[in-house]
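Just below is one structure, and these are the notes that go with it.
Because the structure is predicted, anything quoted here is derived from the model rather than measured. Naming convention: chains lettered A, B, ... in sequence-line order (proteins, then strands); numbering from 1 in each chain.
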2 protein chains.
Amino acid sequence: MSTRSSWTSIRDEIKRRVQAREVLPGDKLPNDQELAQEFGCARTTVQRAMQELAATGTVVRRRKGGTTVAAHPVTRTTFDIPITRLEVEALGQDYGYFLVSQGIEQISRSAAASFGLQDQPEMLHVRALHLAGNRPYIYEDRWISQETVPEILDVDLTRESANEWLILNRPYSDCEVRFLAKKATPQEAELLETEAGEALFVMERTTWSDSAPITRVRAIAAPGYQLTARAK
Amino acid sequence: MSTRSSWTSIRDEIKRRVQAREVLPGDKLPNDQELAQEFGCARTTVQRAMQELAATGTVVRRRKGGTTVAAHPVTRTTFDIPITRLEVEALGQDYGYFLVSQGIEQISRSAAASFGLQDQPEMLHVRALHLAGNRPYIYEDRWISQETVPEILDVDLTRESANEWLILNRPYSDCEVRFLAKKATPQEAELLETEAGEALFVMERTTWSDSAPITRVRAIAAPGYQLTARAK
DNA sequence: GAGATTTTTAAGCATGGACATAATAATTTG
DNA sequence: CAAATTATTATGTCCATGCTTAAAAATCTC
C-alpha cells in the first residue's frame, strides 16, 4: 500500500467515519480481522487502534459481540489536578501555606457520604489555606482517616501541607472527584478575602487505599478560579 | 492475586513507584529493555504500559532520551459530558426543553475570546432551558456560527434543542471545556427558579470543526448540580 | 572552536502466531 | 420444555523479532 499504516491513522480513520456519520451510533463495525484486511495490516494493529477508541468512548467493544459505535456521543474531557503548590508555582507565583485549624472530630454527614460510610467515625479535621503571591488561592477543608493513616497524627501540619504529605506518603488506589459551586460562608469569605455570598468553585476529592478511606478534601477556590481542558 | 493483564499491572506498578516517590519527578527510569527484564516480560509489554503512562501524563518519553518521571504529579480525571436530555433521563426524570430566545447578533467579547477571534462576527444566539421533572435543570446560552453551520438557520429550535442537533449533525474535531462558578444574574435566577446571587456551576464549551468555529455554549446548572468522576 | 556530519541509542511501530477469556449460539440431557 | 453442557466467535493479551525514527553524543571539517 501507499504508506505504512500506523495504528494511529486507523484510529483516526474510524473516528472520522463515526464523526462524519458514515456509521451511526449503535451500528456494528466490521470485526478486527476484516478491518485488518481492509487496511492491509495485522490484526494487532487494528486492535491497538480500537483499544484507544474504546478507551475514549467512541466505540464499545464486547467479546463475541463485536465492536459497535457508542450509542450516546459524549464529550469526554480530561483534567489534570496538580498538587496545589505546583499549580501555584506553575503560574510563576510564590506559594504560601497556612494551617487554619486541626483537631479530632466526628466527621460530617457529607464527609461520611463521600466515603460511603453509614456511621460517622472520628477523623482528623484539618483546615488550611494555600496562597499564591500572598493572595488566598485555595482554602481546603479536609478529613483524614486516623485509622487508615495513623502516622498523620505525628506530622507537623503547621509546616507541611496535608495535601502534599498525603500524596508523598499515602498514595491512593481510588479517587472520586466532584465539582460544584457554593456560596462563600462568612468564614470562607474572610479567609479567601472576599464577600460572604460570593460564588466559589469547589473541587471535592475523596481517596481510598484499597477501599480503606484515606482522605476527603473540599478545595474551595478563590473567586475567578477556572478549570480548563481540551477534549480530543 | 490480581487477574489483571500484565501490561496493566506493569503500568500500575510504575505508577505506584512514582506516587510513592520511589522515583522522583525528573528522574530517569530504566529503559524498556531493562524493565522488561525486571518484570520478566517482552519489551512490547513494557512499551504498552509506558505508552499508557505517557498518555496520562505520569511519565515523559523521548526517543534516545529515555523515559523520565513527569515533573509535576497530577490527578488526571476524566469526565463524560453527555447530551443534556440523556443526562436527565439517566436520572430517571422526565426531560423538558424550552426555547427562551434566538436571534442573529454580534457575538459577545467573551465568546469571541473563547473562539480565539479578534473580531466579533454575527452569529446565531440561542438561549434555552432544559428541565428535569418540570424543574429547571440547565440554562444554556449559546452562540452558533452561521458561517460554519448554515443549516442551523433552518432548524426549528423551539422543538429541537441546539445541544442535540449539533452533536448529532455537526460533530466537532476540537473542544475546549471550562468549569467555573458564578453568581446568578436576576434573569438567570428567574429561569432557574432561584434567587439572584445564588452560586451556580457553569460548564463552558467551545467546539471547532477543523479550526472553523462551531459553537460556544455556557451551560449554567441549577443550584445543587454536581459533576462527578472517578479518577484512576 | 563553531558548524556540519556521522554514529549510536532508546523509543515507536508493525507483524504473525499463539493462547486466554467472555459472551453468545447450538446442542444435549433430565 | 427448561436447564445444563458444549461449541463458536470476536476481542484481549502476550511474545519474539525486525525495522524505523528522533535525538543525543561523538566525530570530523573548515
Would you say B:Thr44 places a side-chain N or O within less than 4.0 Å of OP1 or OP2 belonging to D:dC15? no
If the condition is side-chain contact (heavy atoms from CB on, under 4.5 Å), which residues does A:Pro25 pass it with, not counting sequence neighbours? A:Arg21
In whole Å, I'd like the distance from the CD1 atom of B:Ile10 to the P atom of D:dC15. 8 Å
Residues in ring pair (Phe, Tyr, Trp, His ring centres under 6.0 Å) contact with A:Tyr97, at least two apart in sequence or another chain: A:His130
State which residues pass ring pair (Phe, Tyr, Trp, His ring centres under 6.0 Å) with A:Phe115; sequence neighbours excluded, sorted by chain then number. none
List every contact pair, protein side and nucleotides 9-12 of chain C side both N or O, where the distance is under 3.5 Å.
unit_1, atom_1, unit_2, atom_2, d
C:dT9, O4', B:Lys64, NZ, 3.2
C:dA11, OP1, B:Thr67, OG1, 3.4
C:dA11, OP2, B:Asp32, N, 3.1
C:dG12, OP2, B:Gln47, OE1, 3.4
C:dG12, OP2, B:Arg61, NH1, 2.2
C:dG12, O4', B:Arg63, NH2, 2.9
C:dG12, O6, B:Arg43, NH2, 2.7

Sequence neighbours left out, what passes salt bridge (Lys or Arg N to Asp or Glu O under 4.0 Å) with B:Asp80? Give chain and number order. A:Arg76
Results of side chain to side chain donor-acceptor pair (under 3.5 Å) for B:Arg142 - residues two or more places apart only: B:Glu140, B:Thr215
Under 4.0 Å: is that the gap between some side-chain N or O of A:Thr45 and OP1 or OP2 of C:dT15? yes
